Engineer: 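I'd like to ask you about the structure that follows.
The figures here come from the full heavy-atom set of this structure, side chains too, leaving out hydrogens, waters and symmetry mates. Note that the numbering runs from 1 along the sequence shown for the chain. Keep in mind the model is a prediction, meaning the values are calculated, not measured.
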Amino acid sequence: MDTFNHIKTLITIILGLSITHLLKGVAKFIQHPNRDKPYWLHLSWVLYIFLLLVHFWWWEYRLTMVHRWSFPSYFFLILFIMTFYSLCALLFPDDIKDYKGYEDYFFSRKKWFFAILALSYVLDVGDTLIKGEAYLHSLSIEYPIRNAIHIALCLAAIRINNRVFNGTLVVLFILYELSYILRLFDTV
């Protein structure tokens, strides 16, 4: 087994658990339609995180360009992917019996959600640097601007409880992510 395949094994496991967590959460709405009331904003963030997970796996192919690995780089990547699993666990906890539904639950945990999402954009910079300076430069000026804006909007979302703001934010994040994928990452 080459180094890259060995390294991607644990990344794949954590990513698989993340996607499984989201899919199980969504399936609960179908399995038990009267148990917990879905909330469109919550489900929109589920869609966005699913999109990020799929995109993450797609762009992690660029790790094949890394020829020399160190344990700190490997550990960093594990921490990075753990942020995504944490987001999935926040979106679908084991139960929400203490809440009126997913709307109540989401807004009670949104500070954690947006803080971890902001952290994922910070860690993304480290992930990009691991792939090398040439890769970083291939992303153009849009990459640091994208990350800075996403971080700033996540930090704003921590403080803003307005449902229109949060709804607009998730729609913009989804549309931008789709645009970003199609413009920069449509082929490996």
Side-chain angles (χ1 to χ4, degrees), residues 14-15 17-30 36-60 79-96 98-129 136 139-186:
I14 298 170
L15 181 71
L17 289 170
S18 302
I19 291 173
T20 300
H21 203 89
L22 288 182
L23 295 176
K24 277 183 66 178
V26 171
K28 278 193 233 179
F29 293 126
I30 298 166
D36 296 314
K37 184 180 175 187
Y39 177 51
W40 75 271
L41 185 58
H42 169 261
L43 287 176
S44 298
W45 283 112
V46 168
L47 173 63
Y48 178 70
I49 297 302
F50 178 77
L51 186 60
L52 278 184
L53 290 168
V54 173
H55 185 199
F56 176 86
W57 185 243
W58 184 254
W59 86 62
E60 286 309 285
L79 291 176
F80 182 30
I81 189 95
M82 284 173 56
T83 62
F84 292 116
Y85 182 82
S86 299
L87 290 167
C88 296
L90 278 170
L91 286 170
F92 286 112
D94 292 335
D95 70 70
I96 61 165
D98 298 335
Y99 304 92
K100 296 174 190 164
Y102 275 96
E103 180 177 5
D104 182 41
Y105 172 76
F106 178 77
F107 280 96
S108 75
R109 294 292 174 259
K110 79 177 188 68
K111 290 179 182 177
W112 280 99
F113 178 79
F114 287 115
I116 294 171
L117 187 56
L119 176 63
S120 76
Y121 285 106
V122 171
L123 295 177
D124 183 64
V125 175
D127 175 68
T128 299
L129 292 173
L136 174 65
L139 297 176
S140 79
I141 190 69
E142 181 179 1
Y143 175 73
I145 293 170
R146 166 195 178 259
N147 280 21
I149 290 173
H150 276 73
I151 292 165
L153 288 171
C154 286
L155 295 176
I158 288 171
R159 291 186 307 271
I160 298 172
N161 287 321
N162 183 294
R163 280 151 171 71
V164 173
F165 172 82
N166 281 276
T168 303
L169 185 64
V170 71
V171 169
L172 290 176
F173 272 34
I174 290 169
L175 291 175
Y176 179 79
E177 194 66 24
L178 286 170
S179 165
Y180 195 64
I181 291 167
L182 294 175
R183 288 181 295 109
L184 300 174
F185 295 100
D186 65 334

Engineer: Without placing hydrogens or testing angles, list every side-chain donor-acceptor pair under 3.5 Å for residues 80-87, not counting sequence neighbours.
Structural biologist:
residue, atom, partner, partner atom, Å
Thr83, OG1, Phe80, O, 2.5
Ser86, OG, Met82, O, 2.9

Engineer: How long is the span from the CG atom in Leu123 to the CD1 atom in Ile116, to the nearest 0.5 Å?
Structural biologist: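 The CD1 atom of Ile116 is 11.0 Å from CG of Leu123, to the nearest 0.5 Å.
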Engineer: Output every pair passing salt bridge (Lys or Arg N to Asp or Glu O under 4.0 Å) with a member in residues 79-95, not counting sequence neighbours, ordered by first then second residue.
Structural biologist: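 Those involving residues 79-95 do not exist here.
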Engineer: Please list, chain by chain and in numerical order, all residues satisfying side-chain contact (heavy atoms from CB on, under 4.5 Å) with Asn162, sequence neighbours excluded.
Structural biologist: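 Once residues adjacent in sequence are excluded, the partners of Asn162 under the side-chain contact (heavy atoms from CB on, under 4.5 Å) criterion are Ile160, Val164, Phe165.
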Engineer: From Trp57 CH2 over to Leu15 CG, what is the distance, rounded to the nearest 0.5 angstrom?
Structural biologist: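 If we round to the nearest 0.5 Å, Trp57:CH2 and Leu15:CG are 6.5 Å apart.
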Engineer: Does His55 use its side chain to pair, donor to acceptor, with the backbone of Leu51 at less than 3.5 Å?
Structural biologist: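 Flag not set: sc His55 to bb Leu51 has no pair under 3.5 Å.
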Engineer: Strictly by salt bridge (Lys or Arg N to Asp or Glu O under 4.0 Å), give each pair with a member in residues 149-165 just once, sequence neighbours left out.
Structural biologist: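 Listed once each, the pairs are Glu103-Arg163.
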Engineer: Kindly write out the residues that satisfy side-chain contact (heavy atoms from CB on, under 4.5 Å) with Val125, not counting sequence neighbours, or none if the list is empty.
Structural biologist: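 Applying side-chain contact (heavy atoms from CB on, under 4.5 Å) to Val125 gives Leu129, Tyr143, Asn147.
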Engineer: Can you sort out the partners of Ile141 under side-chain contact (heavy atoms from CB on, under 4.5 Å), two or more places apart, ordered by chain and number?
Structural biologist: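 With neighbours one apart ignored, the set is Pro144, Ile145.
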Engineer: Output every pair passing salt bridge (Lys or Arg N to Asp or Glu O under 4.0 Å) with a member in residues 104-122, not counting sequence neighbours, ordered by first then second residue.
Structural biologist: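 Non-adjacent pairs meeting salt bridge (Lys or Arg N to Asp or Glu O under 4.0 Å): zero.
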Engineer: Could you grab the distance from atom SG of Cys88 to atom CG of Leu53, nearest 0.5 Å is fine?
Structural biologist: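 Between atom SG of Cys88 and atom CG of Leu53 there are 5.0 Å.
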Engineer: Give the table of side-chain donor-acceptor pairs shorter than 3.5 Å for residues 18-28, with sequence neighbours excluded, one pair per line with atom names and distance.
Structural biologist:
residue, atom, partner, partner atom, Å
Ser18, OG, Ile14, O, 2.9
Thr20, OG1, Gly16, O, 2.7
His21, NE2, Phe92, O, 2.7

Engineer: Quick one: CD1 on Ile149 to CG on Leu153, what's the gap to the nearest 0.5 Å?
Structural biologist: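 The distance works out to 7.0 Å.
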Engineer: Which distance, rounded to the nearest 0.5 Å, do you find between the OH of Tyr176 and the CD1 of Ile181?
Structural biologist: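 Output value for this atom pair is 10.5 Å.
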Engineer: Give me the atom names and distance for the closest heavy-atom approach of Ala157 to Leu169.
Structural biologist: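 Heavy atoms of Ala157 and Leu169 come nearest at CB-CD2, 3.7 Å.
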Engineer: Using every non-hydrogen atom in the two residues, find where Ala89 and Tyr105 come nearest and quote the distance to one decimal.
Structural biologist: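 Shortest heavy-atom separation between Ala89 and Tyr105 comes out as O-OH, 4.3 Å.
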Engineer: Which atom pairs, one a donor and one an acceptor, fall under 3.5 Å between side chains of residues 36-50 and the rest of the protein, sequence neighbours left out?
Structural biologist:
residue, atom, partner, partner atom, Å
His42, NE2, Leu91, O, 2.6
Ser44, OG, Trp40, O, 2.8
Tyr48, OH, Tyr121, OH, 2.1

Engineer: Please identify each residue that fulfils side-chain hydrogen bond (donor to acceptor under 3.5 Å, both in side chains) with Asn166, with sequence neighbours left out.
Structural biologist: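 Testing Asn166 for side-chain hydrogen bond (donor to acceptor under 3.5 Å, both in side chains), a comparison that skips the adjacent residues, returns none.
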Engineer: Using side-chain contact (heavy atoms from CB on, under 4.5 Å) as the criterion, list what pairs up with Leu172, not counting sequence neighbours.
Structural biologist: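 Thr168.
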